[in-house]
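Throughout, residue positions are numbered sequentially from 1 according to the sequence presented.
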Amino acid sequence: MDVVCIPADLTAFVLNDKSCDGPSYLAPITQPNYMGLQLENNLIQHDVLDHVDFHLSTPIAENPRLADPSTNPPSLRQNRLGIYLHWSLPRLYRTATAKAKQPDGPRDASQPVFRNVPNRWLVIRHLNMDTRHPKVKEQQEYQSWVIESDRVRKIDDIIDDKTDLEVDCVPFVAASGSNDPTIFAQQIEVFLGRREAHLDWTPGKVNPQPGYPLRPEDAAPTPGLTVMNSSNPLFP
């Protein structure tokens, strides 16, 4: 098997307890609310993405991105502190192809076709054990994770208590080819993306948490993910 290396633009953002104290504003997380896709008069919305509420950006105790409002006083969400990586897909996956002539078949050849994007990412972290802050015993010098960018799960499938629905996955529209009249109502329960420790990762399966057996029906559903069908323009 040949190995092909494709360069990608990578940026890193450091998020800590001082991020809300400077001249810049750190906005709370605003996710798409697909409940607004329902056709009932009391539910349908003209926009599924709410405006960013900058009133909650500072002080840090009032910013739900970093503070947990369910505690008194609000405590920091330690799982959200750290370094956030964001990479841009290579141009190869951001361009499409189309044909001028209509071949035999139902598909419109003039519609652009995008390549499926890479769906498995390996992230490796190397900590400098002398300069790390804060120094926590559980931290390892080397640690790695697998990101499944095309993993589709319903809220009932997320059985562990460590998955953060605002940072570990994103809302997703999964309704292709369905004639179910309740399909719009189901979209508020669908999420895309999964992060798993590399040592615990099982390819192609929904990884069980301790105490949960791996069942044959737990095969991981995955769409053909392209830059046009993630349904969320903010999906990294």
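At most 12 heavy atoms of other shown residues, nucleotides or ligands fall within 6.0 angstrom of atom CG in Asn41. By the neighbour-count criterion of 12 heavy atoms within 6.0 Å, atom NE2 of His51 is sparsely surrounded, having that number or fewer from other residues, nucleotides or ligands.
Remark: side-chain polar atoms of Gln45 are not paired, donor with acceptor, to backbone N or O of Asn33 under 3.5 angstrom. Remark: side-chain polar atoms of Arg115 are paired, donor with acceptor, to backbone N or O of Leu92 under 3.5 angstrom. Listed for the Asn63 side chain is a donor-acceptor partner under 3.5 Å among the backbone atoms of Leu26. Side-chain atoms of Ser19 do not come within 3.5 Å of backbone N or O of Leu15 as any donor-acceptor pair. Checked by atom type and distance alone, the side chain of Thr71 pairs as donor or acceptor with a backbone atom of Pro73 at under 3.5 Å. Listed for the Arg94 side chain is a donor-acceptor partner under 3.5 Å among the backbone atoms of Leu89. In this structure, Asp160 contributes its side chain and Thr163 its backbone to a donor-acceptor pair below 3.5 Å. At distances below 3.5 Å, at least one donor-acceptor pair connects side-chain atoms of Arg65 with backbone N or O atoms of Ala27. Of the possible donor and acceptor atoms, none in the side chain of Arg151 sits under 3.5 Å from a partner among the backbone N and O of Gly193.
In the hydrophobic cluster analysis, where Ile, Leu, Val, Met, Phe, Trp and Tyr join through side-chain heavy atoms closer than 4.5 angstrom, Leu10 is grouped together with Val117. Taken together through direct or relayed side-chain contacts under 4.5 Å among Ile, Leu, Val, Met, Phe, Trp and Tyr, Leu66 and Ile29 form part of one hydrophobic cluster. Follow the hydrophobic side-chain contacts under 4.5 Å out from Tyr84 and you never reach Val146; the two are in separate clusters. Leu127 and Val14 are not part of a single hydrophobic cluster, where members link through side-chain heavy atoms under 4.5 Å apart. Hydrophobic clustering of Ile, Leu, Val, Met, Phe, Trp and Tyr side chains at less than 4.5 Å, counting indirect connections, keeps Ile147 apart from Tyr142.
A distance of 12.0 Å separates CG of Leu81 from NZ of Lys18, quoted to the nearest 0.5 Å. Taking CG of Asp9 as the start and CZ of Arg91 as the end, the distance is 11.5 Å to the nearest 0.5 Å. To the nearest 0.5 angstrom, Ile158 atom CD1 is 10.5 Å from Asp164 atom CG. Annotation: the span from Asp150 atom CG to Leu225 atom CG amounts to 6.0 Å, rounded to 0.5 Å. Put simply, CG on Asp68 and CZ on Arg77 are 4.5 Å apart, with the number rounded to the nearest 0.5 Å.
The two residues Arg80 and Val167 have their closest heavy-atom pair at NE-CG1, 4.1 Å. Considering all non-hydrogen atoms of both residues, Tyr93 and Val227 come closest at O-CG1, 3.5 Å. Taking all atoms of both residues into account, the shortest heavy-atom contact from Ser144 to Leu122 is CB-CD1, 4.2 Å. Scanning all heavy atoms of the two residues, the minimum distance from Lys162 to Arg195 falls at O-NH2, 4.3 Å. Shortest non-hydrogen contact noted between Pro90 and Pro7 is CG-O, 3.8 Å. Summarising the geometry of Tyr34 relative to Phe172, their closest heavy-atom pair is CE1-N, 3.7 Å, with the distance given to 0.1 Å.
Between Phe114 and Pro112, some side-chain heavy-atom pair lies under the 4.5 Å cut-off. For the pair Trp145 and His198, the minimum side-chain heavy-atom distance is 4.5 Å or more. Looking only at side-chain heavy atoms (C-beta outward), Val152 and Val190 come within less than 4.5 Å of each other. The shortest distance between side-chain heavy atoms of Glu148 and Glu196 does not fall below 4.5 Å. Between Thr30 and Val52, the closest side-chain pair of non-hydrogen atoms falls below 4.5 Å. A 4.5 Å side-chain heavy-atom check between Ile188 and Ile155 finds every atom pair outside the cut-off. Taking the side chain as every heavy atom from C-beta outward, Asp157 and Arg194 never approach each other to under 4.5 Å.
Residue Arg125 forms a side-chain hydrogen bond (donor to acceptor under 3.5 Å, both in side chains) with just one option from Glu141, Gln143, Gln140, and that option is Gln143.
Ring-plane geometry between Phe54 and Tyr25 is classed as perpendicular, the angle between the planes exceeding 60 degrees on a 0 to 90 degree scale with a lower cut at 30.
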